[in-house]
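Working notes, structure below.
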Amino acid sequence: MEIAAHGLTVERVERQIENFRRGFPYLKVVSAASPADGIMMLSPQGMEEARREYEAAVDSLEVVKFVPASGAATRMFKELFEFVNEGKRGKGIDVLLDHLSEFAFYPELMQYVSPEADDRTKVSAIIRDGLCYGSKPKGLVTFHAYPEGARKAVEEHLVEGAMYASAGGRVKIHFTVSPEHVDGFRTLLAEKQPVYEKRFGVKYDISFSVQKASTDTIAVNPDNTPFRSDDGRLLFRPAGHGALIENLNDIDADIIFIKNIDNVTTDARKGDTVACKKALAGVLVHLQRAVAEHLAALRSGKADIAAVARFAMKELCIKLPQNYDAALLEALLDRPIRVCGMVRNEGEPGGGPFWVANADGTQTLQIAESSQISPDDMHLMKDATHFNPVDLVCGVRRADGTKFDLTKYVDPETGFISSKSSGGRELRAQELPGLWNGAMAHWNTVFVDVPVSTFSPVKVVQDLLRPQHR
């Protein structure tokens with residue numbers, strides 16, 4: 001009954017437990033992708049041509065901006081909780097309090113606490129009674145100040161959407177959120193949506209989804225037996241952002257932009273982001289048209305096999321085995337496509353672009369996390385010139401217009417196992433293959449160099465003091 005209530009089957013849970021017992025294999029990483037091998041370096045003219053190709057096509061396309069926005073901003077305010085709960089005061093707290101009036105949320109904060117209040121009271125008002133940011137998602141945190149009023153992170157995605165994801169005057173945005181936060185998003189957007197519609201002359205079509213219970217995974221004890229809570233019930237846990245491939249699969253569109261909720265910047269700095277998003281989409285449009293032509297030729301029996309192979313290797317970044325044939329080429333071309341912006345490696349955490357060997361003899365591009373790479377291959381990470389900022393443009397339709405079933409292109413062997421706790425007891429948890437990692441392992445992947453100005457994440461609250469957020 002407990003298993004069925006989650007939309008799971010006994011067989012599926014047994015497979016999850018078997019994953020705990022045997023672990024997940026490391027990726028067969030061959031080398032880091034680089035500008036010389038696997039990362040497209042567009043010239044300013046190339047960027048402009050790709051942008052124009054997208055703009056010429058966009059009004060005939062169904063475009064959706066997909067924003068993972070689940071979960072509370074707990075990690076963003078971790079240091080604040082430690083200060084309030086334990087009196088632990090590190091450098092971050094000093095920075096926060098020394099610059100408190102410079103945060104965009106400061107005027108809101110002053111509605112709950114006096115400027116003369118003691119430090120602990122001020123910090124507590126940020127995360128608890130007051131702004132309550134410790135229990136809110138990042139999307140509902142005030143990020144940026146403007147003369148006409150401050151904006152929360154979710155509002156910046158409305159602005160971005162109007163700038164690069166408007167098709168025929170309509171902007172479709174889909175947010176994945178936690179069930180307890182849906183009402184908060186709806187309330188804010190009901191107030192703000194008309195403001196941005198008037199400003200940009202567009203109509204928004206905003207939708208939400210929550211992570212499906214059927215993607216939860218069972219927790220186990222350290223000995224890999226099922227973990228039971230104090231009331232004797234099995235414990236199921238959300239399986240990480242990889243579970244969102246199910247939500248993405250429900251989106252019916254020609255082009256889907258994917259970007260995390262916290263990676264936004266101010267209007268004064270949005271120019272590079274907008275130009276690059278359009279250019280990435282233009283690269284995708286170009287590839288989709290070429291794929292359709294090559295598939296039609298292959299299926300008619302009239303293809304120049306060598307020409308198709310050159311296209312697959314040069315433009316789709318697939319390294320073919322020596323014994324390739326028309327059947328393999330057709331199978332390789334008939335896949336979802338993602339064009340991913342990659343930022344020069346400047347020490348930021350995150351996965352990177354790598355060449356990976358596959359069972360069919362090909363080598364393809366994938367985004368890999370350090371936990372997926374064998375200790376023997378870890379030196380390859382040092383060769384990585386770029387890292388993944390989560391900047392994707394996805395093509396999820398076949399050449400004939402039908403939708404791919406994205407669940408068929410997941411590599412189930414690329415999950416993650418981590419140590420957690422519940423009720424003071426240790427447990428092991430399992431995450432599904434990450435959304436832009438193993439969940440897209442069998443997509444055709446193209447990496448494009450984009451400037452670091454397009455990457456402005458907010459991992460801790462003090463990041464809001466960076467120039468990108470001022």
Side-chain angles (χ1 to χ4, degrees), residues 1-29 68 70-71 176 178-180 209-251 331 335-336 351 356-360 364 366-375 403-443:
M1 287 292 290
E2 295 175 59
I3 293 173
H6 277 264
L8 293 164
T9 63
V10 172
E11 293 75 19
R12 191 166 176 180
V13 170
E14 286 177 342
R15 285 198 300 272
Q16 292 175 2
I17 293 175
E18 182 59 25
N19 288 338
F20 281 113
R21 290 177 180 144
R22 63 179 175 80
F24 290 103
Y26 292 115
L27 280 179
K28 295 180 179 177
V29 176
S70 303
T176 63
S178 298
E180 65 270 25
S209 65
V210 300
Q211 192 166 306
K212 299 178 181 180
S214 60
T215 64
D216 289 352
T217 54
I218 194 168
V220 298
N221 295 300
D223 65 357
N224 296 324
T225 57
F227 183 98
R228 291 186 180 273
S229 302
D230 292 340
D231 61 4
R233 296 178 64 83
L234 295 171
L235 178 64
F236 292 89
R237 297 173 52 88
H241 62 68
L244 298 181
I245 195 68
E246 298 272 0
N247 304 63
L248 188 67
N249 198 40
D250 290 338
I251 303 294
R335 291 179 170 182
V356 174
N358 304 303
D360 61 6
T364 54
Q366 287 194 36
I367 298 168
E369 308 294 329
S370 59
S371 60
Q372 296 178 277
I373 298 176
S374 161
K403 245 185 101 282
F404 287 103
D405 179 355
L406 303 183
T407 65
K408 304 295 186 186
Y409 299 88
V410 176
D411 181 356
E413 296 294 302
T414 53
F416 303 84
I417 292 173
S418 56
S419 297
K420 304 287 184 181
S421 65
S422 177
R425 295 159 52 200
E426 290 185 16
L427 60 82
R428 303 183 79 206
Q430 187 174 148
E431 292 191 15
L432 295 174
L435 180 58
W436 39 84
N437 309 115
M440 296 181 176
H442 299 308
W443 291 42

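Along the sequence shown, residues carry numbers from 1.
- Of all heavy-atom pairs spanning Trp436 and Ile367, the tightest one is O-CB, 3.5 Å.
- Remark: Glu11 pairs with no residue by the salt bridge (Lys or Arg N to Asp or Glu O under 4.0 Å) rule, at least two apart or across chains.
- Taking both residues in full, the closest heavy atoms of Leu244 and Pro68 are given as CD1-CB, 3.9 Å, listed atom of the first, atom of the second, then distance.
- In this structure, the side chain of Thr217 engages the main chain of Gln430 through a donor-acceptor pair within 3.5 Å.
- Between Val410 and Ala439, the closest heavy-atom pair is CG2-O, 3.4 Å.
- How far NZ of Lys420 is from CZ of Phe227: 13.5 Å, rounded to the nearest 0.5 Å.
- Within 6.0 Å of the CD atom in Glu413, the count of heavy atoms belonging to other residues, nucleotides or ligands exceeds 12.
- Within a 6.0 Å sphere centred on CG of Asp405, other residues, nucleotides and ligands contribute more than 12 heavy atoms.
- Atom OH of Tyr26 sits about 10.5 Å away from atom CD1 of Ile373, to the nearest 0.5 Å.
- Shown here for Gly23 and Ile417, the closest heavy-atom pair between the two residues is CA-CD1, 4.2 Å.
- Side-chain atoms of Leu406 and Trp443, non-hydrogen and from C-beta on, do get closer than 4.5 Å to each other.
- In this structure, a donor-acceptor pair under 3.5 Å is absent between the side chains of Asn247 and Thr176.
- Between the Lys403 side chain and the Asn249 main chain, a donor and an acceptor come within less than 3.5 Å of each other.
- With hydrogens and angles disregarded, no donor-acceptor distance shorter than 3.5 Å links the side chain of Glu369 to the backbone of Asn437.
- Exactly one residue among Leu235, Val220, Asn221 makes a side chain to side chain contact (heavy atoms under 4.5 Å, CB included) with Leu427. That residue is Leu235.
- Side chains of Val210 and Pro179 form a contact here, defined as non-hydrogen atoms less than 4.5 Å apart.
- Remark: His241 NE2 to Gln211 CD distance equals 10.5 Å, nearest 0.5 Å.
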Under the criterion side chain to side chain contact (heavy atoms under 4.5 Å, CB included), I'd like the reasoning laid out for Asp250 against Lys212: C-alpha separation, chi angles, the key distance, then a yes or no.
CA-CA 12 Å; Asp250 290 338; Lys212 299 178 181 180; 2.9 Å; yes
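- With rounding to the nearest 0.5 angstrom, the CG atom of Leu27 is 6.5 Å from the OG1 atom of Thr414.
- Taken from CG in Asn19 to CD1 in Ile218, the straight-line distance is 12.0 Å, to the nearest 0.5 Å.
- Remark: Arg22 CZ is packed, more than 12 non-hydrogen atoms of other residues, nucleotides or ligands lying under 6.0 Å away.
- Between the CZ atom of Arg12 and the CD atom of Glu14 there is a distance of 13.5 Å, given to the nearest 0.5 Å.
- Using a distance-only test at 3.5 Å, with no hydrogens or angles considered, a donor-acceptor pair links the side chain of Arg428 to the main chain of Phe20.
- Annotation: side chain of Val356 is not in contact with side chain of Gln372 (no heavy-atom distance under 4.5 Å).
- In this structure a side-chain-to-backbone donor-acceptor pair under 3.5 Å is missing from Asn358 to Asp360.
- In this structure the side chain of Phe236 reaches within 4.5 angstrom of the side chain of Val13, judged on heavy atoms.
- Closest of all the heavy-atom pairs between Pro238 and Asp216 is CA-OD1, 3.5 Å.
- Of all non-hydrogen atoms in Arg237 and Ala429, the two that sit nearest each other are NE-CB, 3.4 Å.
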